[in-house]
Amino acid sequence: MPERQQDKPADADLPGTGSAGRPAADTTVTAGRGLWHHRDFLLLWGGQTVSEMGSAVTNLALPLTAVVVLKATTFEVGLLTAAATLAFALIALPAGALVDRRAKRGIMVACDAARLVIIGSVPVAWYAGVLTMGQLYAVAVTAGVGTVFFDVSYQSYLPVLLAQEHLMDGNGKLGATQSFAQLVGPGLGGGLVGAFGAAGAMSADAVSYLVSVASLLGIRHREPRARPADGDAAARPGPRGLRAEIGEGLRYVVGHPILRKVVACTGTSNLFSSMATAVEIIFLVRVLHVRPAYTGLIFAIAAIGGVVGGVFSGRLARRVGTARIIWVSILIFGLPQLLPALAEPGWRVVLFPIGFAGTFFSAVVYNVAQVSYRQAVTPPRLMGRMNAATRWIVWGTMPLGAVIGGALGTAIGIRPTLWIGLAGSWAAGWWVYFSPLRRMRDVPHEAAAEPAPG
């Protein structure tokens, strides 16, 4: 997801590039000052902090609305989880090609404005007494469309805003923010659910998108105009050019000897973790007998691991190796993720947040490392398509996992399904272990200057 200037220079709209083909690096961001004095990054970071907290509230409140307000079945909750990520399977590839053609900040602003309206419709319908599962499915799908375009733009925008040597730091701070939101958001969500009901609590997410829009509009840096390379499909508008652009992004990801293993690892992990996600709220409420208002506290405690992972991801990468940390984070740091399936009513409930704290720590360190690697090795003109192709694969497995999780939860029970999901998510790490990463310590500097493989 991605050191560039704090203030817009006179030639900010010109396509100047550095040695790796990236837009010229910000000369005002020195090692002594760093990102804490990077005005535009701080605006992006601050806006996303608020937005992520709002989204953490919805991640809790949406399934709770289905379970508590609309009395949804296990399979219906699985379908709702699948609906939230369905857009990644359907439109991520064309989204990447379209993002590479346009200014990314404008897309992000439009997506946040749309999600404000979409999410805000849930509490409005609830107050009016007309909320249905059909609306929740529609909200999950349409908000997912906005999330697809926002996330592809977001991951492609950070290398525009920051220089390569600051990407790990920037991704680490954003990862810590996401985990901090997961720490504060569910607790806040639990309180809002207790005070205003599950559907009413989603108003907080709608307001958070408004804050994000304001922060994005405050960024002064303007992206350089894209100049397609000779023969690049981006120079040819229309369906034919779009198909060629999508194909180029897919060929780059699949043809890269390391990227394809990273994508396989992340996609497999997401498949199985989505199976677990589809049943975890039901596991807490109906198996562990946790009160709905307290589920937020459980996830807030678990999210502490993600905050720690975001804060220390850069240091761990420097000590372990910026390439080696990718497989170490999931196979070694990720072992505690099996603990939640051992939780029982009573004092053993604590195994759930402890296990998920380890999971969040592992996931944040892994994501910071693998996203920074992807950004470092990808030429700028392919950044949006690379991110979209990656997201299409790794998030495209999530609706399938959620449906499988809902079906298995009905057929074999909630706890066995949780076991399968958590164990499969951890085992996905063997994809990156059996790859060239095992023989590498660090990501080569200026790797994006290398020609695209295959």
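Index from 1, following the sequence. When reading the values below, keep in mind they use all heavy atoms of this one structure, side chains included, and skip hydrogens, waters and symmetry mates.
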Can you confirm whether [X] sits close enough to [Y] that some side-chain heavy atom of one is under 4.5 Å from a side-chain heavy atom of the other?
X: Leu271; Y: Met398; result: no
X: Val213; Y: Leu116; result: no
X: Glu248; Y: Leu382; result: yes
X: Val77; Y: Val279; result: no
X: Phe149; Y: Met108; result: no
X: Pro340; Y: Leu351; result: no
X: Tyr373; Y: Leu259; result: yes
X: Val253; Y: Arg260; result: no

Worksheet item: Does the pair Tyr366 and Thr266 meet the rule for a side-chain hydrogen bond (donor to acceptor under 3.5 Å, both in side chains), with working shown?
Response: CA-CA 9 Å; Tyr366 171 79; Thr266 311; 2.6 Å; yes

Closest non-hydrogen atom pair between [X] and [Y], with its separation:
X: Arg415; Y: Ala341; value: NH1-O, 2.8 Å
X: Phe75; Y: Thr410; value: N-OG1, 4.1 Å
X: Thr378; Y: Met383; value: O-CE, 3.6 Å
X: Pro123; Y: Met202; value: CD-CB, 4.3 Å
X: Ala343; Y: Phe352; value: CB-N, 4.0 Å
X: Pro353; Y: Ile298; value: CB-O, 3.7 Å

What distance separates [X] [atom1] from [Y] [atom2], expressed to the nearest 0.5 Å?
X: Leu422; Y: Thr359; atom1: CG; atom2: OG1; value: 6.5 Å
X: Gln370; Y: Ser329; atom1: CD; atom2: OG; value: 9.0 Å
X: Ser208; Y: Arg115; atom1: OG; atom2: CZ; value: 8.5 Å
X: Leu437; Y: Ile326; atom1: CG; atom2: CD1; value: 5.0 Å
X: Trp45; Y: Ser215; atom1: CH2; atom2: OG; value: 13.5 Å
X: His256; Y: Met386; atom1: NE2; atom2: CE; value: 10.0 Å

Item to complete: Walk me through it: do Ser362 and Gln337 pass the test side-chain hydrogen bond (donor to acceptor under 3.5 Å, both in side chains)?
Response: CA-CA 9 Å; Ser362 166; Gln337 70 179 282; 5.2 Å; no

If we ignore hydrogens and angles and just use 3.5 Å, is the side chain of [X] paired with the main-chain N or O of [Y] as donor and acceptor?
X: Ser55; Y: Glu52; answer: no
X: Arg385; Y: Leu250; answer: no
X: Arg105; Y: Ile219; answer: yes
X: Ser212; Y: Tyr209; answer: no
X: Arg438; Y: Tyr433; answer: yes
X: Arg324; Y: Val320; answer: yes
X: Ser274; Y: Gly401; answer: no
X: Thr73; Y: Glu76; answer: yes
X: Ser51; Y: Gly47; answer: no
X: Arg348; Y: Leu342; answer: yes

Worksheet item: When you look at Glu280 and Leu284, which way does the side-chain contact (heavy atoms from CB on, under 4.5 Å) test go after all the steps?
Response: CA-CA 6 Å; Glu280 64 187 19; Leu284 282 172; 5.7 Å; no

Worksheet item: Testing Leu288, Val287, Val290 for side chain to side chain contact (heavy atoms under 4.5 Å, CB included) with Pro345, which one passes?
Response: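 Answer to the side chain to side chain contact (heavy atoms under 4.5 Å, CB included) test with Pro345 among Leu288, Val287, Val290: Leu288.
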
Worksheet entry | Heavy-atom neighbours of Trp426 CH2 exceed 12 at 6.0 Å |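 Enclosed: over 12 neighbouring heavy atoms sit under 6.0 Å from CH2 of Trp426.
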
Fill in: Test side-chain contact (heavy atoms from CB on, under 4.5 Å) applied to Leu316 and Phe333, step by step
CA-CA 11 Å; Leu316 285 170; Phe333 299 158; 4.2 Å; yes

Discussion item. Between Thr132 and Leu136, is the side-chain contact (heavy atoms from CB on, under 4.5 Å) condition met? List the steps.
Written reply: CA-CA 7 Å; Thr132 64; Leu136 291 190; over 6 Å; no

Worksheet item: Any side-chain donor paired with an acceptor under 3.5 Å for Ser269 and Ser425?
Response: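 Side chains of Ser269 and Ser425: pair found under 3.5 Å.
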
Worksheet item: Do Asn270 and Thr397 have side-chain N/O donor and acceptor atoms under 3.5 Å apart?
Response: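 No pair is found: no donor N or O on one side chain lies under 3.5 Å from an acceptor on the other.
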
Discussion item. Working note: Val57 + Met53, criterion side-chain contact (heavy atoms from CB on, under 4.5 Å); need CA distance, chi angles, decisive distance, verdict.
Written reply: CA-CA 6 Å; Val57 171; Met53 282 196 291; 5.9 Å; no

